[in-house]
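Presented below is the structure to which this report refers.
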Amino acid sequence: MKSAASAHRTHTTQHRINKTIAVLGTGNMGTSLMLGIIKAGLTPAQKIMACDVNQEKLNTLVAQWHVHATSSVRDAVAAAEIILLCVKPMTVPAVLREIKPVIRDEHLMISIAAGVRLSFLQEKIGRNIGIIRTMPNIASTVDEGATALSYGAHVTDAQQRIAEAIFTAVGEVVTVPEEQLDAVTGLSGSGPAYIYMVIEALIDGGVKMGLARDIATRLAIQTVLGSAKLVKMSGLHPAILRDQVTTPGGTAINAIHELESHGLRSMLINAVATATLRSGELSKMLSQG
Ligand SMILES: NC(=O)c1ccc[n+]([C@@H]2O[C@H](COP(=O)([O-])OP(=O)(O)OC[C@H]3O[C@@H](n4cnc5c(N)ncnc54)[C@H](OP(=O)(O)O)[C@@H]3O)[C@@H](O)[C@H]2O)c1
């Protein structure tokens with residue numbers, strides 16, 4: 001189901017691609033991107049080639065969305081103009097070996113594989129095609145993703161617009177130099193995990209103070225959703241919004257003091273920094289493999 005925000009995005013930024021797209025790996029992320037493309041009308045379902053090793057998954061996608069399907073990455077790429085590389089990072093080298101013979105100069109490859117560098121993709125492909133490395137997040141599955149794009153050396157303006165259109169269909173898009181993708185991984189790539197912990201803890205806080213769990217759950221979810229929406233829509237700094245709900249001597253300022261004394265903000269800053277460093281380590285390991 002599309003939110004109001006994503007419906008608005010679809011109407012204002014719709015940029016028809018109308019090219020044949022091979023989606024290599026139709027797991028969580030590959031499927032969410034594919035559905036984003038179809039629902040936004042970027043390219044008709046008949047021009048999408050879903051590819052996975054899992055035939056059952058493919059059968060379901062064909063039945064529900066009328067896309068084409070194949071279990072051969074080589075056949076999918078041979079038939080496509082755009083390649084969406086959505087397999088797990090460890091599977092990427094084998095997939096690249098398999099598709100290399102059918103890669104053409106005009107192909108655009110968009111990779112979402114975490115930690116797999118542009119130089120690695122370019123070297124394994126062995127041709128100067130346009131390659132775009134991205135770091136999306138799991139909220140793409142509800143069209144509220146946050147994606148950073150990094151462009152390889154041979155990417156054209158038209159190819160940039162294609163990638164922007166695809167990821168705008170499932171959320172917010174920014175462009176960063178590749179060396180900043182580890183920080184993106186530490187912030188928005190891994191960020192949903194931090195926010196789930198916050199939601200879980202707020203629920204438990206409500207339950208501790210006597211609320212029924214289902215009531216506490218609904219309130220906690222809506223509080224996080226609504227607060228994020230207010231920051232986004234007002235354009236105000238979060239500190240200003242926080243001050244606006246902090247009555248002198250009231251409940252919020254007492255809770256904030258508690259959070260500050262346990263270093264909430266420091267903890268989150270450290271979490272992003274630690275995840276960024278780990279992303280860099282993993283990326284290095286993948287590049288050597
Ligand atoms: N999930 C996230 O939050 C997130 C965020 C940012 C980036 N990413 C990146 O997104 C990529 C996909 O992640 P995911 O969570 O969507 O993983 P996933 O659900 O496991 O999807 C990968 C799919 O590829 C299939 N596959 C395996 N080998 C294949 C092959 N040789 N040819 C075609 N398909 C093959 C898998 O089938 P089987 O399951 O049968 O092996 C699975 O359906 C990863 O590279 C990850 O780094 C994920």
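Counting starts at 1 for both ligands and their atoms, in listed order.
- Among the atoms of Asp52, some N or O lies under 3.5 angstrom from an N or O of ligand 1.
- Given atom 32 (N) of ligand 1, the protein heavy atom at minimum distance is Val73 CG1, 3.6 Å.
- Taking every non-hydrogen atom of Met135 and a distance limit under 4.0 Å, the qualifying atoms of ligand 1 come out as 6 (C).
- Not a single N or O atom of Leu24, backbone or side chain, sits closer than 3.5 Å to an N or O atom of ligand 1.
- Among protein heavy atoms, the minimum distance from atom 19 (O) of ligand 1 is reached at Asn28 N, 3.0 Å.
- The shortest distance between side-chain heavy atoms of Leu33 and Ile110 does not fall below 4.5 Å.
- Cluster membership check: Met49 does not share its hydrophobic cluster with Ile37, using side-chain heavy-atom separations under 4.5 Å among Ile, Leu, Val, Met, Phe, Trp and Tyr.
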**Item:** Audit row: Arg213, Asp204, side chain to side chain contact (heavy atoms under 4.5 Å, CB included) steps and yes/no
**Value:** CA-CA 8 Å; Arg213 188 161 285 279; Asp204 281 347; 3.0 Å; yes

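- At least one side-chain heavy atom of Phe167 sits under 4.5 Å from a side-chain heavy atom of Ile112.
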Expected list for residues 87-98: side-chain donor-acceptor pairs under 3.5 angstrom, two or more places apart:
none

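- The nearest protein atom to atom 21 (O) of ligand 1, hydrogens excluded, is given as Gly27 CA, 3.2 Å; this is a heavy-atom distance.
- Set against the non-hydrogen atoms of Pro89, the atoms of ligand 1 under 4.0 Å away are 44 (C), 45 (O), 47 (O).
- Nearest-residue assignment for atom 45 (O) of ligand 1 (options Ile138, Val87, Ile112; heavy-atom criterion): Val87.
- Heavy-atom proximity to atom 6 (C) of ligand 1, evaluated over Pro136, Ala193, Ser111, Gly25, is greatest for Pro136.
- Considering each of Lys88, Gln55, Glu98, Met90, the one bringing a non-hydrogen atom nearest atom 20 (O) of ligand 1 is Lys88.
- For atom 39 (O) of ligand 1, the closest heavy atom belonging to the protein is Lys57 NZ, 3.7 Å.
- Every heavy atom of Gly189 sits 4.0 Å or more from the atoms of ligand 1.
- Interatomic distance, CG of Leu108 versus CG of Leu84, reported as 8.5 Å (0.5 Å rounding).
- Checking only distances, Asn137 never comes within under 3.5 Å of ligand 1, N or O to N or O.
- The single protein non-hydrogen atom nearest to atom 47 (O) of ligand 1 is Ala114 N, 3.0 Å, given as residue, atom name and distance.
- The protein atom (non-hydrogen) at minimum distance from atom 4 (C) of ligand 1 is Met29 CG, 3.7 Å.
- The residues Glu281 and Arg278 are annotated as salt-bridged, a charged nitrogen and a carboxylate oxygen being separated by less than 4.0 angstrom.
- Thr91 CG2, 3.5 Å is the protein heavy atom nearest to atom 28 (N) of ligand 1.
- In this structure, the side chains of His107 and Arg127 stay at 4.5 Å or more apart for every pair of heavy atoms.
- Residue nearest to atom 22 (C) of ligand 1, selected from Cys86, Gly115, Pro192: Cys86 (by heavy-atom distance).
- Side-chain atoms of Arg133 and Arg117, non-hydrogen and from C-beta on, do get closer than 4.5 Å to each other.
- For the residue pair Asn254/Glu258, the side-chain donor-acceptor check at 3.5 Å is not satisfied.
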**Evaluation steps, side chain to side chain contact (heavy atoms under 4.5 Å, CB included), between Met135 and Ser188** = CA-CA 9 Å; Met135 175 45 64; Ser188 52; 5.5 Å; no

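- Looking at atom 29 (C) of ligand 1, its nearest protein heavy atom turns out to be Val53 CG1, 3.6 Å.
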